[in-house]
Amino acid sequence: MTIAQKDKTTSKVETLARLYLESNSAEIAEETIATLCDWLMAEFQGLPLNLQFSDYARYDDAEAMFADIKGDHLWVSADSYDSDVYPNPIYGFILQAVHDYDHYLTSGDFSLEGEIAAYNAIAKRSPSLEIQKIFYSEFVLRPAAHSYLGYAPAPKIVFP
């Protein structure tokens, strides 16, 4: 990677991180949340995996997650997405499982580029623009903020 490419990537991470960090939490209509939850449940039912919930298990890299998925297994962490959005915390668990499977389908690692690839996969299937925006906040902006800060920022949904 040349220095110019590295600076461009750093700039992209910083730009996306600032969008997340400097934006207020979005107001999401109840009907959008209901549509999202129904859609997530349908996606979840189509996953060909044995999901296992964990308070502490996290994948260090995509390759370890891909190896588990190839064995029809996936650890899903309790520390996932903004549970304030969902009427039940199970939907954050489901969202993470669906997102992780999109990483597998796109061969996307945990870099910003891998997150964007996984986001693009789910965005194409999303039932509305509002839900695409939720996913963009969760899968692109928040990971960029994590990369920029060096730690996970407080979860929120933003529509910058």
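Considering only heavy atoms from C-beta on, D100 stays 4.5 Å or farther from Y104 through its side chain. Residues V85 and I157 have side chains in contact (heavy-atom distance under 4.5 Å, counting atoms from C-beta outward). At least one side-chain heavy atom of I28 sits under 4.5 Å from a side-chain heavy atom of F159. Side-chain contact between R142 and P153 is present, with at least one heavy-atom pair separated by less than 4.5 Å. Contact check for Y119 versus V140: side-chain heavy atoms found under the 4.5 Å cut-off. Side-chain contact between P48 and Y101 is present, with at least one heavy-atom pair separated by less than 4.5 Å. Contact of the L74 side chain with the N50 side chain is not registered, since no non-hydrogen atoms from C-beta on lie closer than 4.5 Å. Side-chain contact between D38 and E43 is absent, with no heavy atoms from C-beta onward closer than 4.5 Å.
Rounding to the nearest 0.5 angstrom, the gap separating the CG atom in L141 from the OH atom in Y20 is 8.5 Å. To the nearest 0.5 Å, the span separating OH on Y136 from CG on N120 amounts to 9.5 Å. Going from atom CD of E115 over to atom OG of S147 covers 10.0 Å, rounded to the nearest 0.5 Å. For the atom pair CZ of F110 and CZ of R58, the computed distance is 8.0 Å after rounding to the nearest 0.5 Å. With values rounded to the nearest 0.5 angstrom, T32 atom OG1 is found 12.0 Å from E27 atom CD. One distance of note links CG of L95 with CD1 of I90; it measures 11.5 Å at 0.5 Å rounding.
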Distance-only check: which donor-acceptor pairs under 3.5 Å involve side-chain atoms of residues 59-67, not counting sequence neighbours?
unit_1 : atom_1 : unit_2 : atom_2 : d
Y59    : OH     : D68    : OD2    : 2.7
Y59    : OH     : W75    : N      : 2.9
D61    : OD1    : E63    : N      : 3.2
D61    : OD1    : A64    : N      : 2.8

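Across all their heavy atoms, A144 and L16 have their closest contact at CB-CB, 3.6 Å. Closest non-hydrogen pair, Q132 versus A123, comes out as NE2-O, 2.9 Å. Residues G92 and Y86 share a closest heavy-atom pair of N-CD1, 4.1 Å. Nearest heavy-atom pair across T106 and A118 is OG1-N, 4.0 Å. The minimum heavy-atom distance between L40 and Y91, with the atom names listed, is CD1-O, 4.1 Å. Scanning all heavy atoms of the two residues, the minimum distance from S25 to K156 falls at OG-CB, 3.5 Å.
The backbone N or O of I122 lies less than 3.5 Å from a partner atom in the side chain of S126, making a donor-acceptor pair. Formation of a donor-acceptor pair under 3.5 Å by the T35 side chain with backbone atoms of E31 is found in this model.
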Could you walk me through whether R18 and V13 satisfy the side chain to side chain contact (heavy atoms under 4.5 Å, CB included) test, starting with their C-alpha distance in whole Å, then the side-chain angles of each, then the deciding distance to 0.1 Å, before giving a yes or no? CA-CA 9 Å; R18 288 187 179 278; V13 168; over 6 Å; no

Step by step, work out the salt bridge (Lys or Arg N to Asp or Glu O under 4.0 Å) result for R125 and D102. CA-CA 11 Å; R125 302 188 315 269; D102 281 334; 3.0 Å; yes

Worked verdict on V76 versus F53 for side chain to side chain contact (heavy atoms under 4.5 Å, CB included): CA-CA 5 Å; V76 181; F53 180 80; 5.6 Å; no

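Cluster annotation: F139 and L129 are assigned to distinct hydrophobic clusters (Ile/Leu/Val/Met/Phe/Trp/Tyr, side-chain heavy-atom contacts under 4.5 Å, transitive).
Remark: the H99 side chain and the E138 side chain contain no N/O donor-acceptor pair separated by less than 3.5 Å.
For CG of N24, the number of neighbouring non-hydrogen atoms (other residues, nucleotides, ligands) closer than 6.0 Å is 12 at most.
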